[in-house]
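Notes follow once the structure below has been shown.
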Amino acid sequence: MRRALIAVALLGLVAAACSSGETSTTGGSPGAASTNFAMQVASSDLYTGTPQRVQVGVFGTTDQGTELLTGGSIPIALVADGGGDPISGQAHYVPAPGTPSVAIVGLTPPSQARGVYQLDDVTFPSAGVWQAQLSFTAGTEPIDLTTRFAVADKPALPAPGQPAPHTQNLTMKDK
């Protein structure tokens with residue numbers, strides 16, 4: 001189940017890479033390429049009232065290509081657009097199956113490491129549009145990223161503990 005969730009999250013990251021999100025740019029040292037950062041929520045079917053995992057991916061793009069923020073943990077805040085108390089915590093790095101775990105937060109080529117940052121036990125108190133906000137340091141530059149995502153009143157797909165949808169399937173006895 002965990003591998004399936006991570007696989008779905010990675011597919012979401014790939015799809016998210018093609019969508020828009022707020023970015024931040026850092027210049028780095030003289031002669032170094034500047035980096036454009038973007039963050040995207042990789043979790044899908046987020047809803048109110050039940051503890052869930054929220055996963056985000058962070059990308060850095062330079063003229064050298066795209067790299068992923070990997071390793072360690074990063075502080076993240078989830079804030080409802082309408083206000084209210086933010087949900088904050090340390091999101092820990094979850095590597096994709098078959099890729100190594102990375103201890104230090106940094107940009108890594110996708111050929112070396114891939115994964116998402118996951119905040120566990122998030123219970124959304126209200127439906128609507130929410131924002132994920134995080135801050136980290138790239139070299140000596142502080143990076144602040146924000147992206148929006150939707151939270152529904154109830155799950156669109158069967159949630160843990162709910163019955164599977166009724167379907168009619170052929171069995172060995174059917175012709």
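Bear in mind the structure is a predicted one, so any value in this text is a computation, not a measurement.
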Quiz prompt | ring pair (Phe, Tyr, Trp, His ring centres under 6.0 Å) against Y47, all qualifying residues, sequence neighbours excluded | solution = none
Self-check item: D174, CG atom: more than 12 neighbouring heavy atoms under 6.0 Å
Solution: yes
Quiz item: Side chains of N36 and T61: donor-acceptor distance under 3.5 Å anywhere?
Solution: no
Practice problem: Would you check, one step at a time, whether the test side chain to side chain contact (heavy atoms under 4.5 Å, CB included) holds for E67 with T108? | Solution: CA-CA 5 Å; E67 295 184 315; T108 308; 5.9 Å; no
Quiz item: Nearest 0.5 Å, what's the CG-CG distance between L134 and L119?
Solution: 11.0 Å
Self-check item: Backbone of T70 reached by a side-chain donor or acceptor of Y117 within 3.5 Å
Solution: yes
Quiz prompt | Sub-4.5 Å side-chain heavy-atom contact between V129 and F149 | solution = no
Quiz item: Taking Q52 for the side chain and T50 for the main chain, is one N or O donor matched with an acceptor at less than 3.5 Å?
Solution: yes
Practice problem: Tell me yes or no: between the side chains of Q131 and D81, is some donor less than 3.5 Å from an acceptor? | Solution: yes
Quiz item: Considering only heavy atoms from C-beta outward, does the side chain of L145 approach that of F136 to under 4.5 Å?
Solution: yes
Self-check item: Residue pair V116 / V56, side-chain heavy-atom distance below 4.5 Å
Solution: no
Quiz item: Going through the checks in order, is the side chain to side chain contact (heavy atoms under 4.5 Å, CB included) test met by V122 and I87?
Solution: CA-CA 7 Å; V122 175; I87 301 169; 4.0 Å; yes
Self-check item: Single-linkage hydrophobic cluster, 4.5 Å side-chain cutoff, V79 and F124 together
Solution: no
Quiz item: Who passes side-chain contact (heavy atoms from CB on, under 4.5 Å) against T167, sequence neighbours left out?
Solution: N169
Quiz item: Is the shortest heavy-atom distance from the side chain of D120 to the side chain of H92 under 4.5 Å?
Solution: yes
